[in-house]
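A short write-up of the structure that comes next.
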Amino acid sequence: MLHHASGDDKNNGNFGFIVRDHPNTIKRRFISVLCVSAVSPLVVLAWTHYMKVRPSPPLWALLGIRLEGFLPATLLPLTLTMVLFLGPLTQLAIESPRGLFHDVKTALNSRSWSKCVKDLRWLRNHVVAPLTEEFVFRACMIPMLVPCIGPTAAIFISPLFFGVAHFHHIIEQLHFGQDTVFEILICAAFQFTYTSIFGAYTAFIFIRTDPAFYGMSPICSLLLTPRSACT
C-alpha cells in the first residue's frame, strides 16, 4: 500500500521521515536531551555510592559546578579557545563588508538577540546543544572515567563517545540520498575526527580547572584493586 502523507508528514518532509530542522523535531529533541541531562547527575551519584568512592567531593563540585575559582575557570579557557579560533575570527573581521565595529554593534543589539532567541535552530546550535553535550559528555562522564583509567586516558577516551554520538546524522543523509555513500562516510569520519579532537581539548580544560580532581589519587588507589569493577 502507498503511504499517504499527513499534514505533519508533509511539514516534516519526505513522507514523515524526521527532518532535523523542523520545529517539531527540534522541540522533541530539546525534551530528550534535557531529560538525559537531568538523569546523568543521578547516574554519577549512584555510581559513586555503588563503587563506595571515598573520599568523594560533593556531586555538584565533581561536575564542575561551583563558585570557587569560577572567574579563572571561565575566562582562561575562553581566552585560550578564542586564540585557537583567531584565524577564522580575523578572516571574518577582514571580509566584513560593513566593518568589524558595525558587526559587533549589530551583534550586541537587543533586537538581534531577541530574533536569535526566537529561532529554534539558533537555540539548538548555540545554547542547548553545546550546554547539554558538555554537561553529559564532560561533566558527567569524566568523573566516572578518571578514577578507573586515570585523567590522561579519560581525556582521550571520553571524546570517542562524543564523536560516535554524531553518527546518527548518517541515517538522515542516507535516507534523503543527497550524497553518495562514500561522501557521507567521508563526512562522518571527518566530523568524528574534529569532534573527538575538540572533545579531548575540552576534557583537558575540564580536568585542569576542576579542583575536585586534585584529590583523585586516593580514589584511584581505592578503586584500582583486584575486586574493582574498573579493572
Side-chain angles (χ1 to χ4, degrees), residues 27-74 76-78 81 124 127-171 188 191-231:
K27 291 177 183 178
R28 285 197 297 267
R29 291 183 175 178
F30 276 4
I31 295 173
S32 298
V33 297
L34 291 176
C35 289
V36 172
S37 299
V39 172
S40 295
L42 301 179
V43 174
V44 178
L45 182 62
W47 179 85
T48 57
H49 285 289
Y50 176 76
M51 297 302 300
K52 298 180 180 179
V53 176
R54 296 291 185 275
S56 178
L59 176 62
W60 294 115
L62 193 61
L63 300 180
I65 302 174
R66 69 194 188 283
L67 293 178
E68 179 188 359
F70 176 79
L71 284 180
T74 302
L76 294 178
L78 177 61
T81 305
R124 177 194 63 194
V127 179
V128 177
L131 288 178
T132 55
E133 287 177 350
E134 293 304 314
F135 183 72
V136 173
F137 288 96
R138 243 67 68 186
C140 294
M141 183 174 291
I142 290 179
M144 299 173 67
L145 290 177
V146 169
C148 297
I149 59 179
T152 302
I155 288 173
F156 293 101
I157 291 178
S158 62
L160 300 181
F161 296 94
F162 180 58
V164 171
H166 291 80
F167 279 175
H168 69 277
H169 295 305
I170 297 176
I171 301 175
Q191 188 180 37
F192 173 80
T193 301
Y194 77 72
T195 51
S196 297
I197 293 174
F198 184 77
Y201 162 74
T202 55
F204 171 78
I205 293 294
F206 178 80
I207 291 177
R208 288 298 300 269
T209 57
D210 193 344
F213 290 99
Y214 297 163
M216 277 297 183
S217 296
I219 299 178
C220 292
S221 63
L222 172 65
L223 289 179
L224 297 180
T225 60
R227 294 183 179 181
S228 174
C230 297
T231 56

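Just so you know, residue 1 is the first one in the sequence shown, and it goes up from there.
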Notebook entry, point to check: Could you give the distance from CZ (Arg29) to CD1 (Ile31), rounded to the nearest 0.5 Å?
Noted result: 13.0 Å
Margin query: Please find the pair of heavy atoms, one from Pro41 and one from Cys140, that lie closest to each other, and give the distance.
Written below: N-SG, 3.9 Å
Notebook entry, point to check: At their closest point, which heavy atom of Leu63 faces which heavy atom of Ala139, and how far apart are they?
Noted result: CD2-O, 3.0 Å
Notebook entry, point to check: Can you tell me how far OG of Ser37 sits from CD of Glu133, rounded to the nearest 0.5 angstrom?
Noted result: 9.5 Å
Notebook entry, point to check: Once you round to the nearest 0.5 Å, how far does OG1 of Thr152 lie from CD1 of Ile207?
Noted result: 8.0 Å
Next item on the list: Please report the closest heavy-atom contact between Trp47 and Pro147, naming both atoms and the distance.
Entry: CH2-CG, 3.8 Å
Note to self: Would Arg138 and Phe162 count as a side-chain contact (heavy atoms from CB on, under 4.5 Å) here? Give the steps.
What the structure shows: CA-CA 9 Å; Arg138 243 67 68 186; Phe162 180 58; 3.8 Å; yes
Note to self: For Thr132 and Val36: C-alpha separation, side-chain torsions, deciding distance, then whether side-chain contact (heavy atoms from CB on, under 4.5 Å) applies.
What the structure shows: CA-CA 9 Å; Thr132 55; Val36 172; over 6 Å; no
Next item on the list: With rounding to the nearest 0.5 Å, note down the distance linking CG in Leu62 to CD1 in Ile142.
Entry: 10.5 Å
Notebook entry, point to check: Quick one: are Thr209 and Leu76 in side-chain contact, heavy atoms under 4.5 Å?
Noted result: no
Next item on the list: Heavy atoms only: give me the nearest Leu145-Ser158 pair and the separation to one decimal.
Entry: CD1-CB, 3.7 Å
Notebook entry, point to check: Roughly how far apart are Cys148 SG and Ile157 CD1, rounded to 0.5 Å?
Noted result: 10.5 Å
Next item on the list: Evaluate the side-chain proximity of Phe198 to Pro159: yes if any heavy-atom separation is below 4.5 Å, no if none is.
Entry: no
Next item on the list: Scan Phe135, Phe206, Phe161 and name whichever one has a side-chain contact (heavy atoms from CB on, under 4.5 Å) with Met141.
Entry: Phe161
Next item on the list: For the pair Phe137 and Thr202, evaluate side-chain contact (heavy atoms from CB on, under 4.5 Å) and give the outcome as yes or no after the intermediate values.
Entry: CA-CA 10 Å; Phe137 288 96; Thr202 55; over 6 Å; no
Item checked: Results of ring pair (Phe, Tyr, Trp, His ring centres under 6.0 Å) for Phe204 - residues two or more places apart only -> none
Margin query: Does Phe192, at its CZ atom, have more than 12 non-hydrogen atoms belonging to other residues, nucleotides or ligands within less than 6.0 Å?
Written below: yes
